[in-house]
Trainee: 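Handing you this structure, nothing more for now.
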Protein chains: 2
Amino acid sequence: MTVTLKQLAASLGLSPTTVSRALNGFPEVNAATRKRILQAAAEVEYRPNTRAKSLATGRAQAIGHVIPVSTSHEIVNPIFADFIAGAGETYSSAGYEMILRIVPDAEEARAYRDLVARGAVDGVMVHAPLRHDPRVALLTELGLPFLVHGRTSDVARPYSWLDINNQRAFRRATQFLTEFGHRRIALINGLENMDFAQRRRNGYLEALRDAAISPDEALIRNGEMTEPYGYRAMTEMVQLPDPPTAFLASSMIVAYGLRRGLADLGLRMGRDVSIITHDDDLSYLPNQGDVPVFTTTKSSVREAGRRAAKMLLKLVESPGAGPLTQLMEAALVVGASTGPVHR
Amino acid sequence: MTVTLKQLAASLGLSPTTVSRALNGFPEVNAATRKRILQAAAEVEYRPNTRAKSLATGRAQAIGHVIPVSTSHEIVNPIFADFIAGAGETYSSAGYEMILRIVPDAEEARAYRDLVARGAVDGVMVHAPLRHDPRVALLTELGLPFLVHGRTSDVARPYSWLDINNQRAFRRATQFLTEFGHRRIALINGLENMDFAQRRRNGYLEALRDAAISPDEALIRNGEMTEPYGYRAMTEMVQLPDPPTAFLASSMIVAYGLRRGLADLGLRMGRDVSIITHDDDLSYLPNQGDVPVFTTTKSSVREAGRRAAKMLLKLVESPGAGPLTQLMEAALVVGASTGPVHR
DNA sequence: CCCATGTCCCAAAGCGCTTTGGATAGCGGC
DNA sequence: GCCGCTATCCAAAGCGCTTTGGGACATGGG
């Protein structure tokens, strides 16, 4: 069934050495011989055994993604799927395997150590970084190449990351609203310990300051980004003495919740209340059309996955490459969910 | 850094053979010696090199998930994430690695052949089966253990699968609506070539027949399960001469679209129009509470992942186990989105 | 006292590949 | 005709583990 190098070599009357060199493009092989070998290999669909190859070379030809699942809140971040799909495309075409580890968050550090000790991967992708994320220190110490999707805020040593400019995106979004005359703007943010949430908050606060609006903590929320979370935020906040006229949402799903709240209240989105949401451009939550339903800060997380994977592979293949960083800007896409303040 | 078996053995003044046997629980090792070995191994955090081990044993200790991405419609099925999370939990605790391959759908067959030729996995999970799915034949031919998440309809040889009882679920849901007096019931289904969509359709048609309602093709739609898809279905169908009074949706996301359509039309869900949707119990789309927002046919896809993985591992570890099958029933959970027909 | 029987350990081969260190042969230059 | 190259090929070691096939020693029955 599966043919080995040795068998292939024997069938050609050659040594394994020569066949190996021919297949791996080394120069010391006669052109005619090489051609013969390649032909035979193609014919029997020879593929080198992954494990044997990487045992011999010392490189795993694999990248690890460790996804922690919290036992308290069982959320599997919906954007993981698209990010991983993007990264996976890149790995496949570069001949790398992607290995995924789903582990209880308490065992995450152990998972990394384990991966290293077993020599299972050449590098890892770090997901959903916290404000103060211990993984960066751990992985630098372990000497395992890694790339962070996002950033973390307090590390001494430099590290490699790819992030979107959350601060700028939310600053622009907020500014867009203040220019429409909104002064009561709510921020329905992600979990407080997430780094991206902090950056968005900063951008939001900056824009408020620019518009000489003093922030109101009653208008800022942090939470897991579910639809009911958005719904609750909307229905509760409109009951404030001085309710917000505009909302910034941290994700499309949250925006759905906000919209439902609005509908229940008999209010019209874009007229009575404005909404801007961040849009990761997930395939199953499209926000398209000539005039999209939502005004968004938009950035494809799938594309982020592709780019992050490329960076990580570079890190793996040329260890001297030093820390690589990339900041993607989010587009501010104007849709139907925003308008001048209305009373 | 990473310690090898040989080093560990040397440091103990023992042969690699003995250390290996001790660690793998073979009987021919003195109890005291074994204890000493285990202790030392724990101390230096010894982990056998994955590749070396599986080269020696011939088992990859890894399960593959091949996820095809269509180049035409770039949808990454959102339920993959939860299913994979569930499966991943099982793999981890059983000491298996999960390897993920994201490939263009045209190259899916090649991906499976490649996985086999390289000896990269011990088995694979088959996602999103079509009505007539060629993968079943391919994998049986390749002799690679596999488990289908879902079913396919026309294969001669038996194969292993885990599915939810889509037909029964949608039959019950439809019946629930007919008992409320609904006679114009729309089915907003998944893509036509998907096996699950067909089974749901069958269940729906059965219930209609039971209620002596003749099906109307104008009330049946197939499509990619996005929010706008649901929205369009709602806004267009209410304009029919004899519009539906109830809708069956194939996913939570589609139901969100239906609901938005209703809201736009100024109609109330559960009063003017009833909606039942299938709920995969995704963590970020919760439908809970004393009275959930939606009436649903509910089945946790995460749990399905866990069970499917267990079955696949059994298949891998005891090849004689023969085809394993499991049919999970979906619960009919009554929420606020259904009520008697109203005019 | 001898041999059979365990018990406990080890040397060495092998998994399928890469890679080092030659070996062989052909070639032109002197 | 010999030398030094270069062009081609190969044998063998090694990657880190498991596993086969003993070997050494103690024990106990006859």
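Predicted model, so just to flag it, every value in this text is computed and none were measured. A note on names: the letters A, B, ... follow the listed sequences, proteins ahead of strands, and every chain is numbered from 1.
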Trainee: Between Gln61(B) (CD) and dC17(D) (P), how many Å, whole number?
Mentor: 15 Å
Trainee: Give every residue pair that meets the salt bridge (Lys or Arg N to Asp or Glu O under 4.0 Å) criterion with at least one member in residues 34-49 of chain A, sequence neighbours excluded.
Mentor: Arg47(A)-Asp114(B)
Trainee: Expressed in angstrom and rounded to an integer, what is the separation of Leu8(A) atom CG from dC10(D) atom C1'?
Mentor: 16 Å
Trainee: Please, which pairs that meet salt bridge (Lys or Arg N to Asp or Glu O under 4.0 Å) have at least one residue in residues 9-24 of chain B, sequence neighbours excluded?
Mentor: Arg21(B)-Glu28(B)
Trainee: Expressed in angstrom and rounded to an integer, what is the separation of Leu23(A) atom CG from dC9(D) atom C1'?
Mentor: 15 Å
Trainee: Counting side-chain heavy atoms from CB outward, which of dG16(C), dT8(D), dC15(D) is closest to Asn30(A)?
Mentor: dT8(D)
Trainee: Quickly work out the Leu12(A) CG to dT8(D) P distance and round it to whole Å.
Mentor: 17 Å
Trainee: Please determine if Asp163(B) and Arg151(B) form a salt bridge, counting it only when a charged side-chain N lies under 4.0 Å from a carboxylate O.
Mentor: yes
Trainee: Parallel, tilted or perpendicular: which one describes the rings of Phe83(B) and His149(B), with boundaries at 30° and 60°?
Mentor: parallel
Trainee: How close or far is atom C1' of dC8(C) from atom CZ of Arg34(B), stated in whole angstroms?
Mentor: 11 Å
Trainee: Round to the nearest Å and state the distance from Arg47(A) atom CZ to dC17(C) atom P.
Mentor: 13 Å
Trainee: Roughly, in whole Å, what's the span from CG in Leu55(A) to C1' in dC15(D)?
Mentor: 5 Å
Trainee: Using the rule side chain to side chain contact (heavy atoms under 4.5 Å, CB included), only one of Leu162(A), Val124(A), Ile63(A) pairs with Leu147(A); which is it?
Mentor: Leu162(A)
Trainee: For nucleotides 18-22 of chain D, print each protein N/O atom paired with a nucleotide N/O atom at under 3.5 Å, atom names and distance only.
Mentor:
residue: dT18(D); atom: OP1; partner: Asn24(B); partner atom: ND2; Å: 3.0
residue: dT18(D); atom: OP2; partner: Ser20(B); partner atom: OG; Å: 2.6
residue: dT19(D); atom: O4; partner: Thr17(B); partner atom: OG1; Å: 3.2

Trainee: For Thr33(B), answer base if it contacts any base atom (sugar-phosphate contacts may also be present), sugar-phosphate if it contacts only those atoms, and nothing otherwise; contact means non-hydrogen atoms under 4.0 Å.
Mentor: sugar-phosphate
Trainee: Looking at every heavy atom in both Ile102(A) and Ala85(B), which two are closest together, and how far apart are they?
Mentor: CG2-O, 3.7 Å
